Amino acid sequence: MYDSRGARSAARAGAVGAALLLAGCSSGGGSGGDGPAASPQAVITQQPKEADPFWVNPDSNAARQVKAYARAGKDGDAEQIRKIAAQPTGEWIGPENPEQEARGFTEAAQKSDRTALLVLYDIPHRDCGQYSQGGAADGDAYRAWIDGVARGIQDRPATIVLEPDAVLHLVDGCTPARFAEERYDLLRGAITKLKSLKNTKVYLDAGNAGWGRPDQIYQPLQQAGVAQADGFAVNVSNFYSTQDSITYGKQLSAKVGNKHFVIDTSRNGNGPYAGGDPEERWCNPPGRALGETPTTKTADPLVDAYLWVKRPGESDGTCKGGPQAGNWWPAYALKLAQGSQT
């Protein structure tokens, strides 16, 4: 059983951010329109472009939490959450308004001379009915959704992590075999459509080091069109160490034409949780920490970037007292930040 099933940001969380962008609330690094100017501690700015070209959303859930703590005089907590708010994180495009959301995020990123990091997670029969179940109603709805995303991005710079778990859940049997042919077709079509855009990079999700079976997943990845993508993504929403993820990614890369890959380092600072039952290892596990901050300066030439695909502080699901998948959970965010070495 795959141990990060359901550990995804709910797509509707991205919809909230996009609505704010479209309303003009996220174009700068100020107070976010919520009263007097924020203290200098609460202002969120971009990271240096030479090492980290990805856009920091100055009105993210974490940025809002920094402001709330600062207003309440909780300077220590504000500084901890700033570790999250100051870094670029994935914007998960919602199911209802893909064109508007993709346009909002990429326009905001372009205005800051940065690249938007988008996560597309709307494949039909998503997450096998677990915490992040849902997705497009059928293949035609998914194709229309991808078309909307592409219209929203246009020629603006974007890096896309495509469909966490979609291939892996075919391999591990979680997604019924009768959906396989359509899913492969949908993924190939999505890659083709997105790669037709001028400045868009696409990385197809390829599991994690804990699953660790390159021999079983490389042919499905090829069938899903990884050859036409810029590469693949590993460790999305998971906790495996960067070194273990590099090892897994390089083994897989050797089987798919030496494709490059990206690693989600958002919560892997303490590695995976070894205690409890299988669900406890992926659903809001205790004692985890932020990992390496996002950068294109990595430890291996095959690794294009360390990314924070999963937004730290957003719940994996309604386990251990957490809110619904993708909802902001300040207490968990604070623990991730406090446990980090940054």
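Computed from a predicted model, the values in this text were never measured in an experiment.
In terms of modelled atom types and a separation under 3.5 Å, the side chain of D304 and the main chain of H260 share no donor-acceptor contact. Checked by atom type and distance alone, the side chain of R183 pairs as donor or acceptor with a backbone atom of A166 at under 3.5 Å. Of the possible polar contacts, one joining the R288 side chain to the N270 backbone as a donor-acceptor pair under 3.5 Å is found. In terms of modelled atom types and a separation under 3.5 Å, the side chain of S196 and the main chain of K193 share a donor-acceptor contact. Put simply, the side chain of S266 never gets that close to the backbone of V309: no donor and acceptor are under 3.5 Å apart. At distances below 3.5 Å, at least one donor-acceptor pair connects side-chain atoms of Q46 with backbone N or O atoms of V56. With hydrogens and angles ignored, the 3.5 Å screen pairs no side-chain donor or acceptor of Q80 with any backbone N or O of L334. K195 places no side-chain N or O within 3.5 Å of a backbone atom of V202 that could act as its donor or acceptor partner. No side-chain donor-acceptor contact under 3.5 Å links Q223 to the backbone of Y184. Checking side-chain atoms of T298 against main-chain N and O of V303 turns up a donor-acceptor pair under 3.5 Å.
In this structure, V226 and G231 approach most closely via the heavy-atom pair CG2-O, 3.8 Å. Here the closest non-hydrogen pair linking S315 and N284 is OG-ND2, 3.4 Å. Between S237 and D264, the closest heavy-atom pair is N-OD2, 2.9 Å. Across all non-hydrogen atoms, the minimal contact from I84 to A333 is CD1-O, 3.8 Å. What you find for A180 and L170 is that their closest heavy atoms are CA-CD2, 3.7 Å. A pairwise comparison of heavy atoms in P95 and P98 identifies O-CD, 4.0 Å as the closest pair.
Residues R143 and D185 form a side-chain contact, since some pair of their non-hydrogen atoms from C-beta on lies under 4.5 Å apart. Looking at L118 and T106, their side chains come closer than 4.5 Å, going by heavy atoms from C-beta outward. The shortest side-chain heavy-atom distance between K250 and F261 falls under the 4.5 Å cut-off. Residues V119 and E91 are not in side-chain contact: their nearest non-hydrogen atoms beyond the backbone lie 4.5 Å or more apart. Contact check for W145 versus D147: no side-chain heavy atoms found under the 4.5 Å cut-off. Using a 4.5 Å heavy-atom cutoff, the side chains of K255 and D215 are in contact. Looking only at side-chain heavy atoms (C-beta outward), I44 and N57 stay at 4.5 Å or farther from each other. At a threshold of 4.5 Å between non-hydrogen side-chain atoms, the residues L117 and W55 do not count as touching.
Ring planes of F179 and H125: parallel class, angle under 30° (limits at 30 and 60°).
Between the side chains of Y142 and E163, at least one donor-acceptor pair of N or O atoms lies under 3.5 Å. If you check the side chains of T242 and N268, you find a donor sitting under 3.5 Å from an acceptor. The closest side-chain donor-acceptor pair between E314 and W329, if any, does not fall under 3.5 angstrom.
Expressed to the nearest 0.5 Å, how far OH of Y273 lies from CH2 of W282 amounts to 14.5 Å. To the nearest 0.5 Å, the span separating CG on N235 from OG1 on T265 amounts to 8.5 Å. How far OG of S245 is from CG of D300: 12.0 Å, rounded to the nearest 0.5 Å. The OG1 atom of T175 sits 7.0 Å away from atom CG of D172, with the distance rounded to the nearest 0.5 Å. Taken from CG in L302 to CG in L252, the straight-line distance is 11.0 Å, to the nearest 0.5 Å. Once rounded to the nearest 0.5 Å, the distance linking OG of S253 with CD1 of I246 reads 12.5 Å.
At most 12 non-hydrogen atoms from other residues, nucleotides or ligands lie less than 6.0 angstrom from NZ of K335. Within 6.0 Å of CD in Q216 there are more than 12 heavy atoms belonging to other residues, nucleotides or ligands.
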Go through V149 and L194 one step at a time and tell me if the side chain to side chain contact (heavy atoms under 4.5 Å, CB included) criterion holds.
CA-CA 8 Å; V149 171; L194 296 166; 4.3 Å; yes
One pair to check against side chain to side chain contact (heavy atoms under 4.5 Å, CB included): L187 and V167. What are the steps and the verdict?
CA-CA 9 Å; L187 292 170; V167 175; 3.7 Å; yes
Given Y306 and T296, is the side chain to side chain contact (heavy atoms under 4.5 Å, CB included) satisfied, shown in steps?
CA-CA 6 Å; Y306 302 146; T296 54; over 6 Å; no
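Classification of K310 and D316 as a salt-bridged pair holds, one side-chain N sitting under 4.0 Å from a carboxylate O. Contact check on K111 versus E107 returns no salt bridge, with no Lys/Arg side-chain nitrogen under 4.0 Å from an Asp/Glu carboxylate oxygen. Using a 4.0 Å cut-off between charged nitrogen and carboxylate oxygen, R82 and D75 do not count as a salt-bridge pair. Classification of R114 and D52 as a salt-bridged pair fails, no side-chain N sitting under 4.0 Å from a carboxylate O. Under 4.0 Å is where a charged nitrogen must lie from a carboxylate oxygen, and between D230 and K259 no such pair does.
Y203 has its ring centre no less than 6.0 Å from the ring centre of F232.
In this structure, R311 forms no cation-pi arrangement with W308, as its terminal cationic atom is not both closer than 6.0 Å to the ring centre and no more than 45° off the ring axis. Annotation: cation-pi geometry satisfied between R126 and Y121 (NZ/CZ under 6.0 angstrom from ring centroid, within 45° of ring axis).
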